[in-house]
Student: 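Structure in structure tokens, see below.
Order of the sequence lines sets the chain letters (A, B, ...), proteins ahead of strands, with each chain counted from 1. On a predicted model such as this, the values are computed, not experimentally measured, just so you know.
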Amino acid sequence: MDELNEQRQQRIKKLDLLREAGIAPYGSRFEVKDRAGQLLKQHGEKPKDTLEQEKISCTIAGRVVALRRFGKAGFAVLQDGADRLQVYLKKDHLSEQAYTVVEQLDLGDWIGVTGTLFRTKTNEFTVEVHQLTFLSKALRPLPEKWHGLTDVETRYRQRYVDLIANPQVHQIFSTRSRIIAGIRAFLIERGFLEVETPMMHPIPGGAAAKPFVTHHNALGVDLYLRIAPELYLKRLIVGGFPRVFEINRNFRNEGISTIHNPEFTMLEFYVSYADYQDLIALTEELVSSLAQQLLGKTVIPYQGKDIVLTPPWRRWSYHQAILEVNALDPSVLQDREKALAAAQRLHVPVDPKASLFTIINEIFEETVEPNLQQPTFITDYPIDISPLARRKDSDATLTDRFELFIAGREIANAFSELNDPLDQRERFEGQAVQREAGDDEAHLVDEDFLRALEYGMPPTAGEGIGIDRLIMLFTDQASIRDVVLFPQLRPEKP
RNA sequence: GAGCCGGUAGCUCAGUCGGUAGAGCAUCGCCCUUUUAAGGCGAGGGUCCUGGGUUCGAGUCCCAGCCGGCUCACCA
């Protein structure tokens, strides 16, 4: 803090000077009549003469992000949302008090101005200011004007500074908001009801993941931050809502990486009477139409490569993909020893005691997933790794399920829901066996969920989409931390 | 959790072989009424991440730790 004091003390001194001149350094209401972006759009292309004839008056507010003063006049650049507009501050045009403000102005301060639009000698679209209202004093200096703020730790810890200094970061989070709004509109248009289900669960369910634990004092019970909303949303299908969705946070007590944050945003939606094939079509339409709407195209750049979101996307069965990518004989899918040998040959590290489906899944993750750069629906997952999904009619060892991969990452997971309460109970019991065998992420039996299914759930298809990863794709970001406003970091030392 | 890389002024960064810690921007003073990385002249500003050690002497070498990034592990 001490090293900051020089600049900070200077600014506090100016703050006092403003007070002495009768100006509130932390003001109140200001009637903003115009926005910089809208002025640029409406008048920004008009030639000098036209602006001089029209004498357009405007009132805008914003943060001073550049200041070029000379003698008794100067230019400031105001940042108003995503837009920047230059204002001209000339002593002759301002009251004595207003010019006092100009003299004490620092980078970072907020001001409101009223004036007329014109073009400077260098043809810059500018507001000639006649009235100036001081709105708020910044006591800390802004990062350097040319390089901005690049220190990654500071960018994440003090996102407010990142947003001030880096317009492209501002843009990413604006896009994030528009993507989520677009998804919401898409679903509501198709008859979905948006719902909110509990974030605190007595039994963490709906996914295989380690939960965060918390405690409710009055009830005297431990609760878990949800790892997925799935089991609650299906209760609502039982309750008779035919189409529901929820966009909200899930919490998983696991590692942090460029594609994992402990809290992340998930869209889950459920469609009565539909199956997973219907969701394949819906997913293609949702993602490609969002791309068209927000980016104006369905072939989008991601980390130096083009991703083709134009439907239709590739469909590839889980087992076919494993066999084709590795040129394996189908018998490895049935024989644990053969699978183990194949894994070793392919340099896929596996526990020699692992079950057949675990070995096969390791091979899938190691060899197939990285190849799924263009959008691909991997279908027909084995039942052993799909405890909530409906069995295939044609093969009881597989499920009516798909996962969507783009850029080598899982983006969505969907299936025809298992609505047979007796089968579901058996699956939960199978999970309990896996849990006892040491898999602490196997699903827990949720008796109330089973009771709900026993009241009858219509045939239903459900899907979860990882919103942060989708946003990474749309905004061409390599790290989830760059699409989450306040990513999780170790607490700062006091 | 492991490996690699990084942490020096408010910000962006240099710092040679171990020998008094630097630049640009920002800040302060003076000049300047159309600039736009404005300009000119002058000035101030440092827990070199922290703690040990080696040394006559450490930003620099060694050890331990903290924080961050990336990769891996983990995460169906």
Student: Given B/rG68, B/rU12, B/rC70, which nucleotide is nearest the side-chain atoms of A/Asp151?
Tutor: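 Nucleotide nearest to A/Asp151's side chain: B/rU12.
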
Student: How would you label the contact of A/Glu254 with the nucleic acid (heavy atoms, under 4.0 Å): base, sugar-phosphate, or nothing?
Tutor: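 Here A/Glu254 touches the backbone only, sparing every base.
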
Student: For A/Gln303 and A/Asp476, which I'm curious about, is there any donor-acceptor pair between the side chains at under 3.5 Å?
Tutor: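 A donor-acceptor contact under 3.5 Å links the two side chains.
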
Student: For the C1' atoms, the ones on B/rA14 and on B/rA73, what distance do you get once it is rounded to whole angstrom?
Tutor: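 Each nucleotide's C1' atom is 37 Å from the other's.
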
Student: In this structure, how many angstroms lie between the C1' atom of B/rU27 and the CG atom of A/Leu105, rounded?
Tutor: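 Atom-to-atom, A/Leu105 to B/rU27, this comes out as 15 Å.
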
Student: Assign the ring pair A/Phe212 / A/Phe251 to parallel, tilted or perpendicular, where the plane angle (0 to 90°) is split at 30° and 60°.
Tutor: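 A/Phe212 vs A/Phe251 ring planes: perpendicular.
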
Student: Parallel, tilted or perpendicular: which describes the rings of A/Phe364 and A/Tyr318, with under 30° parallel and over 60° perpendicular?
Tutor: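 Answer is tilted, since the angle falls between 30° and 60°.
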
Student: Would you kindly give the CD-to-C1' distance between A/Gln477 and B/rG69, to the nearest whole Å?
Tutor: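 Whole-Å distance recorded here is 15 Å.
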
Student: With rounding to the closest Å, how many angstrom separate the C1' atoms on B/rA58 and B/rG52?
Tutor: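 It works out to 13 Å between them.
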
Student: Would you call A/Phe125 and A/Arg119 a side-chain contact if the rule is heavy atoms closer than 4.5 Å?
Tutor: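 Yes, at least one pair of side-chain atoms sits under 4.5 Å.
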
Student: To the nearest angstrom, how far is A/Glu103 atom CD from B/rC28 atom P?
Tutor: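 Value for this atom pair: 13 Å.
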
Student: Using the C1' atom in both, what is the distance from B/rU27 to B/rU50, to the nearest Å?
Tutor: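 About 29 Å, rounded to a whole number of Å.
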
Student: Which part of the nucleic acid does A/Pro387 contact within heavy-atom distance under 4.0 Å: base, sugar-phosphate only, or nothing?
Tutor: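 The answer is base, as A/Pro387 lies within the cut-off (heavy atoms under 4.0 Å) of a base atom.
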
Student: Tell me yes or no: between the side chains of A/Tyr156 and A/Asp162, is some donor less than 3.5 Å from an acceptor?
Tutor: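 Looking only at side-chain atoms, A/Asp162 and A/Tyr156 do not form any donor-acceptor pair under 3.5 Å.
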
Student: Between atom NE2 in A/His147 and atom P in B/rA14, what is the gap in whole Å?
Tutor: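 Those two atoms, NE2 and P, are 11 Å apart.
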
Student: With a 4.5 Å cut-off on side-chain heavy atoms, are A/Gln431 and A/Arg435 touching?
Tutor: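 When only atoms from C-beta onward are counted, A/Gln431 and A/Arg435 do not touch, as no gap falls below 4.5 Å.
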
Student: Using the P atom as the point on both nucleotides, what is the distance between B/rA37 and B/rC48, in whole Å?
Tutor: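 It works out to 36 Å between them.
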
Student: For A/Arg481, answer base if it contacts any base atom (sugar-phosphate contacts may also be present), sugar-phosphate if it contacts only those atoms, and nothing otherwise; contact means non-hydrogen atoms under 4.0 Å.
Tutor: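 Here A/Arg481 touches the backbone only, sparing every base.
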
Student: When the C1' atoms of B/rG45 and B/rA21 are considered, how many whole Å apart are they?
Tutor: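 Looking at atom C1' only, B/rG45 and B/rA21 are 13 Å apart.
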
Student: Checking contacts here: which listed nucleotide (B/rA37, B/rU27, B/rG10) is nearest the side-chain heavy atoms of A/Glu6?
Tutor: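 The answer is B/rU27, which lies nearest to the side chain.
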
Student: With C1' as the reference atom in both, quote the distance from B/rC25 to B/rU71 in angstrom, rounded to an integer.
Tutor: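 My reading of the C1' atoms in B/rC25 and B/rU71 gives 34 Å.
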
Student: Select one nucleotide: of B/rG10, B/rC13, B/rG45, the one nearest the side-chain heavy atoms of A/Thr150.
Tutor: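 For A/Thr150, the side-chain atoms sit closest to B/rC13.
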
Student: If you look at every strand shown and take non-hydrogen atoms under 4.0 Å, does A/His443 touch a base, only sugar-phosphate, or nothing?
Tutor: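 Answer is base: heavy atoms of A/His443 come under 4.0 Å of a base.
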
Student: For A/Tyr156, which contact category applies under a 4.0 Å heavy-atom criterion: base, sugar-phosphate, or nothing?
Tutor: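 Sugar-phosphate contact only - A/Tyr156 comes under 4.0 Å of backbone atoms but never of a base.
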
Student: Do you see a donor-acceptor pair shorter than 3.5 Å between the side chains of A/Ser479 and A/Thr258?
Tutor: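 No, no side-chain donor-acceptor contact under 3.5 Å.
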
Student: Report the nucleotide, chosen from B/rU12, B/rA26, B/rU27, that has the shortest atom-to-atom distance to any side-chain atom of A/Asp106.
Tutor: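 Between B/rU12, B/rA26, B/rU27, the one nearest the side chain of A/Asp106 would be B/rU27.
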
Student: Between B/rC31 and B/rA9, how far is it from one C1' atom to the other, in whole Å?
Tutor: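 B/rC31 and B/rA9 have their C1' atoms separated by 27 Å.
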
Student: The side chain of A/Glu366 lies closest to which of these nucleotides: B/rG68, B/rA26, B/rA73?
Tutor: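 Side chain of A/Glu366 sits closest to B/rA73.
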
Student: Remember a base hit wins even if backbone is also touched, and classify A/Leu142 as base, sugar-phosphate or nothing at under 4.0 Å, heavy atoms.
Tutor: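 Nothing: the residue A/Leu142, judged by heavy atoms under 4.0 Å, touches no strand.
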
Student: Below 4.0 angstrom from OP1 or OP2 of B/rC67, is there any side-chain N or O of A/Arg490?
Tutor: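 True: A/Arg490 side-chain N/O within range (under 4.0 Å) of B/rC67 OP1/OP2.
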
Student: Starting at the 5' end of RNA chain B, which residue's closest nucleotide do you reach first, A/Ile256 or A/Ala478?
Tutor: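 Nearer the 5' end of the strand: A/Ala478.
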
Student: NA contact type, A/Thr154, heavy-atom cut-off 4.0 Å: base, sugar-phosphate, or nothing?
Tutor: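 The answer is nothing, as A/Thr154 stays clear of every strand by at least 4.0 Å.
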
Student: What's the CD-P distance between A/Glu492 and B/rC49, to the nearest Å?
Tutor: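 Atom-to-atom, A/Glu492 to B/rC49, this comes out as 17 Å.
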
Student: Whole Å only: how far is the CG atom of A/Asn253 from the P atom of B/rC74?
Tutor: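 Answer to the nearest Å: 17 Å.
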
Student: Verify, without hydrogens or angle tests, whether A/Arg427 (side chain) and A/Ile383 (backbone) share a donor-acceptor contact under 3.5 angstrom.
Tutor: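 Not at all, since once roles are kept as given, no pair shorter than 3.5 Å links the two residues.
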
Student: When the distance from CD of A/Glu153 to P of B/rC11 is rounded to whole Å, what number comes out?
Tutor: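 That distance rounds to 12 Å.
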
Student: Rounding to the closest angstrom, what is the interatomic distance between B/rC49 and B/rC13 at atom P?
Tutor: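 That atom pair is separated by 15 Å.
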
Student: Looking for any heavy atom pair under 4.0 Å, which part of the strands does A/Leu149 touch: base, sugar-phosphate only, or nothing?
Tutor: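 Sugar-phosphate, no base atom in range.
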
Student: Test the A/Arg401-A/Tyr381 pair against the cation-pi criterion, namely NZ or CZ under 6.0 angstrom from the six-membered ring centroid and within 45° of the ring axis.
Tutor: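 A/Arg401 over A/Tyr381 ring: yes.
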
Student: What are the atom names and distances for every N/O pair under 3.5 Å that joins the protein to nucleotides 29-35 of chain B?
Tutor:
residue, atom, partner, partner atom, Å
B/rC32, N3, A/Gly71, N, 3.2
B/rC32, N4, A/Gly71, N, 3.4
B/rU33, OP2, A/Lys72, N, 3.4
B/rU33, N3, A/Asp92, OD1, 3.4
B/rU33, N3, A/Asp92, OD2, 3.0
B/rU33, O4, A/Asp92, OD1, 2.6
B/rU33, O4, A/Asp92, OD2, 3.2
B/rU34, O2', A/Lys121, NZ, 3.4
B/rU34, O2, A/Lys121, N, 2.7
B/rU35, O2, A/Arg68, NE, 2.6
B/rU35, O2, A/Arg68, NH2, 3.2
B/rU35, O2, A/Gln86, OE1, 3.3
B/rU35, N3, A/Gln86, OE1, 3.0
B/rU35, N3, A/Gln86, NE2, 3.0
B/rU35, O4, A/Gln86, NE2, 2.8
B/rU35, O4, A/Thr120, OG1, 2.7
B/rU35, O4, A/Thr122, OG1, 3.4

Student: Can you confirm whether the side chains of A/Gln86 and A/Arg68 place a donor and an acceptor under 3.5 Å from each other?
Tutor: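 Present: a donor and an acceptor within the cut-off.
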
Student: Does A/Gly74 reach a base, just sugar-phosphate, or nothing at all? Heavy atoms under 4.0 Å.
Tutor: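 Contact class for A/Gly74: none.
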
Student: Using whole Å, what does the distance between atom P of nucleotide B/rC11 and atom CZ of A/Arg155 come to?
Tutor: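 My rounded result for the distance is 15 Å.
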
Student: Hey, which of these two, A/Ser479 or A/Ser386, hits RNA chain B nearer its 5' end, going by closest nucleotide?
Tutor: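 Between the two, 5'-proximity favours A/Ser479.
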
